[in-house]
Amino acid sequence: MYNKKLADLLFPNVTKTPEEVDAEFPLRGLPEGAVVSRMAPSPTGFVHLGNLVQGLTSERMTHQSGGVLFLRVEDTDAKREVPGAVETLIESLAHYNIVFDEGATIDGDNGAFGPYRQRQRKDIYHVFAKHLVAEGMAYPCFCTEEELEEIHKAQEAEKANFGYFGKWAKWRGRSIENIEEMLGKGMPWVLRFRSEGSIENKIKFTDLIKGNLELTENDIDHVLLKSDGIPTYHFAHAVDDHLMRTTHVVRGDEWLPTLPFHLQLFRALGYKPPKYLHIGPLMKMDGTSKRKLSKRKDPELALTYYKAEGYPVEAVYEYIMTILNSNYEDWRRANPYAPTSEFKFSYKKMNPAGSLFDVAKLRDVSKNVISLMSAEQVYDYVSAWALEYDPDFAKVFTKDPDFSKAILSIGRGGKKPRKDIAVWSEVKAYVSFFFDEYFRIEDSYPEASDKADIKAALEAFCESFDTNDDMNAWFDKIKAIADSLGYASDMKAYKNDPTAFRGSVADVSMFLRVAVTGRLNSPDMYSVMQLLGAEKIKQRIADICSSL
RNA sequence: GGCCCGUUGGUCAAGCGGCUAAGACACCGCCCUUUCACGGCGGUAACGGGAGUUCGAUUCUCCCACGGGUCACCA
């Protein structure tokens with residue numbers, strides 16, 4: 001009687017029953033084994049690697065099993081919400097090829113289980129909240145922030161455990177008159193769960209990633225509804241994931257401590273909990289110790305960081321897959337061009353511990369990914385990136401698309417493609433010497449080089465250079481120049497007795513390379529010269545000769 | 001402090017009672033080579049410690065140490 005009265009007092013406008021609400025959400029009728037999962041980010045405007053790790057896991061599990069992946073926006077914390085965050089969220093997930101079958105979209109909702117924005121589901125939560133009150137499993141609490149702080153301090157002083165429970169739960173056993181009075185005064189209240197658990201009891205639980213777990217029962221009367229009537233994550237999770245027929249919940253393992261409470265909630269509601277996959281955190285090296293990647297301290301946690309640096313989406317994707325499933329790398333090596341969907345993703349391969357995010361490894365993955373792209377693809381990516389992050393370079397780079405594509409074609413496409421590029425932001429430095437706008441002598445000749453020899457070699461080259469020569473004819477001419485100057489044209493002979501020569505054809509090539517590219521290192525010189533053309537080459541050689 | 005999770009080379013990681021303890025990245029050396037990159041070959045380098053169970057523990061159990069996470073009207 002008491003409970004029923006309290007329920008009506010607290011939720012006078014709620015008339016529906018949980019059964020009625022439940023019936024409004026259809027069963028999915030998916031085949032056995034089909035996974036239904038979701039991404040449920042909060043719209044803080046900050047999309048990070050963790051989201052991607054979790055999202056990719058859900059995405060693979062659902063789509064690989066013929067299930068459903070949906071997006072639910074957990075906007076229950078109005079204080080943290082950033083305007084436009086939902087849009088950025090959806091856009092950046094799309095950027096990383098996470099496509100939803102259902103859920104929140106920029107234009108609204110898509111699917112039969114909505115609304116997919118939690119603040120719009122307030123009435124739904126209230127039905128379940130009222131039910132819990134009526135069943136004696138929840139009660140209002142009028143504690144102010146100050147009072148809660150006092151409790152915390154008192155617990156600290158007593159060396160007691162923290163939290164609203166037992167003797168500290170001062171509103172747990174109040175009379176209905178007492179509550180009515182507070183309500184009458186218009187005092188704000190939150191709805192708390194009446195926990196019957198005890199920390200003396202252990203519960204056994206099997207997590208799909210962590211395995212068999214032994215956890216301590218929850219004895220804390222957690223908040224279900226905040227004073228604005230919006231649910232906390234916990235309550236929304238239980239209600240929504242039941243109604244939306246989620247079969248698998250993938251989330252970070254920072255949720256493990258509250259898992260006993262969630263399980264308790266499902267039981268109180270009378271629903272079967274989903275299967276859980278708790279993923280270990282992404283760590284980074286901080287000095288000599290590891291720590292979880294943090295929003296505040298680590299810019300590399302944000303997805304925007306990778307976009308700005310110019311990591312191709314595919315590279316970030318590949319790298320995360322290697323972290324998620326340790327056998328992914330081997331599979332990829334065997335199937336360089338296969339779509340990821342052909343890989344058999346398995347949660348059993350997931351590591352229960354947290355892993356260190358290794359930028360060096362990411363770069364390596366990225367180099368491999370880019371080395372397999374066509375020059376056109378690379379050109380498109382670089383142009384798009386530059387347009388946004390380096391407009392000056394974009395102008396130069398896109399002035400003559402065929403020229404730029406030809407540059408990118410050097411050493412691309414064979415069995416052993418060059419792997420010079422890890423991120424788009426490095427392309428400018430890689431190609432700059434092809435453009436007069438950027439060309440300059442970056443590396444100087446080694447001290448030991450004889451300036452007269454350099455000049456003689458360069459001049460001889462200019463006289464004999466013919467763009468119609470094929471690679472062999474071209475190099476034969478360079479060899480001839482080497483010979484004429486007392487430099488070995490045969491490297492073997494030179495290595496046998498370096499003292500017999502002034503140097504080798506390698507040195508002569510280097511004289512040319514510096515003059516033409518401004519650097520000691522470059523891609524294949526013949527290709528470079530073919531692209532540059534006789535006029536530019538001769539001009540550059542003349543310029544450097546006059547400065548010698 | 002309570003609770004929980006974790007611990008194989010510098011890093012990511014295979015392993016699931018018996019192995020010379022895979023592989024990848026990074027690093028070093030050699031080879032190829034007009035430079036660089038690619039590629040090939042090779043090398044350095046690991047089961048946190050202590051008890052037990054067992055004929056035998058990296059694998060199982062317990063304790064310790066260390067690392068991480070969590071204890072909000074945030075998710």
Side-chain angles (χ1 to χ4, degrees), chain A residues 40-44 74-77 79-80 141 143-145 148-149 152 155-156 159-164 188-192 199 207 210-211 213-218 220 222-234 236-237 251-260 278 280-281 283 285 289-292 319 322-323 326-327 329-330 333 349 351-365 367 371 410-411 414-421 430 443 475 478-479 482 489 491 504-514 517 519-526:
Chain A
S42 51
T44 57
E74 309 233 327
D75 58 356
T76 52
D77 187 13
K79 290 189 292 296
R80 289 205 313 171
C141 165
C143 279
T144 61
E145 224 173 284
L148 293 174
E149 253 170 57
H152 191 88
Q155 288 169 332
E156 218 161 22
K159 292 198 164 102
N161 286 342
F162 300 129
Y164 197 93
W189 53 278
V190 301
L191 190 73
R192 285 185 184 272
I199 56 169
D207 181 88
K210 302 267 180 189
L213 264 25
E214 195 172 77
L215 306 169
T216 304
E217 231 173 52
N218 170 58
I220 292 175
H222 284 291
V223 172
L224 260 21
L225 291 180
K226 300 183 259 189
S227 55
D228 58 2
I230 299 294
T232 55
Y233 167 83
H234 317 288
H237 158 51
R251 45 149 69 153
D253 69 2
E254 68 270 19
W255 288 110
L256 233 33
T258 38
L259 179 63
H278 286 95
M283 320 278 278
M285 222 50 198
S289 65
K290 291 188 201 176
R291 57 149 230 263
K292 187 180 168 181
Y319 177 58
T322 66
I323 289 182
S326 45
N327 54 330
E329 247 183 309
D330 291 337
R333 212 174 295 280
K349 282 282 179 186
N351 187 175
S355 47
L356 203 74
F357 191 81
D358 186 357
V359 181
K361 181 82 178 180
L362 205 212
R363 284 182 60 85
D364 179 68
V365 169
K367 279 186 180 180
S371 75
I410 298 175
K415 279 191 299 290
K416 295 189 268 179
R418 297 188 64 91
K419 298 180 181 176
D420 303 285
I421 307 168
Y430 177 65
D443 299 332
F475 197 57
I478 293 173
K479 282 181 178 172
S489 62
M491 286 306 288
S504 74
V505 69
D507 298 306
V508 176
S509 296
M510 195 262 297
F511 298 160
L512 278 170
R513 178 169 287 110
V514 172
T517 69
R519 307 173 184 184
L520 256 9
N521 305 324
S522 79
D524 175 58
M525 277 292 287
Y526 177 74

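For clarity, every value in this text was computed on a predicted model and none was experimentally measured. Below, read A as the first sequence line, B as the second, and so on, with proteins coming before strands; counting in each chain starts at 1. Excluded from the calculations below are hydrogen atoms, water molecules and symmetry mates; all remaining heavy atoms, backbone and side chain alike, are included.
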Within the stacking criterion (centroid distance below 5.5 Å, interplanar angle below 30°), does A:F475 stack on B:rU34? yes
Touch check for A:E214, heavy atoms < 4.0 angstrom, all strands: base, sugar-phosphate only, or nothing? sugar-phosphate
What is the base-pairing partner of B:rC66, counting Watson-Crick and G-U wobble geometry with both distances under 3.5 Å? B:rG6
With sugar-phosphate meaning primed atoms plus P, OP1 and OP2, does A:R251 contact a base, only sugar-phosphate, or nothing at under 4.0 Å between heavy atoms? nothing
Measuring only the P atom in each nucleotide, how far is B:rA22 from B:rC55? A whole number of Å is fine. 28 Å
With P as the reference atom in both, quote the distance from B:rG2 to B:rC63 in angstrom, rounded to an integer. 15 Å
Under 4.0 angstrom, heavy atoms only, what part of the nucleic acid is A:T76 near: base, sugar-phosphate, or nothing? sugar-phosphate
Nearest-Å distance once atom P is located in both B:rG68 and B:rU11: 14 Å
For the P atoms, the ones on B:rU59 and on B:rC16, what distance do you get once it is rounded to whole angstrom? 13 Å
Presence of donor-acceptor pair under 3.5 Å, side chain of A:R363 and base of B:rC25: no
Could you measure between the two C1' atoms, the one in B:rG52 and the one in B:rC41, and give it in whole Å? 46 Å
Sub-4.5 Å side-chain heavy-atom contact between A:L259 and A:L215: yes
Modelled atom types, side-chain donor and acceptor of A:S522 and A:R513, under 3.5 Å: yes
Please state whether the phosphate of B:rA13, meaning OP1 or OP2, lies under 4.0 angstrom from any side-chain nitrogen or oxygen of A:N351. yes
Pair of N/O donor and acceptor under 3.5 Å linking B:rC73 base with A:S227 side chain: yes
Please work out if A:V190 contacts a base, only the sugar-phosphate, or nothing of the nucleic acid, heavy-atom cut-off 4.0 Å. base
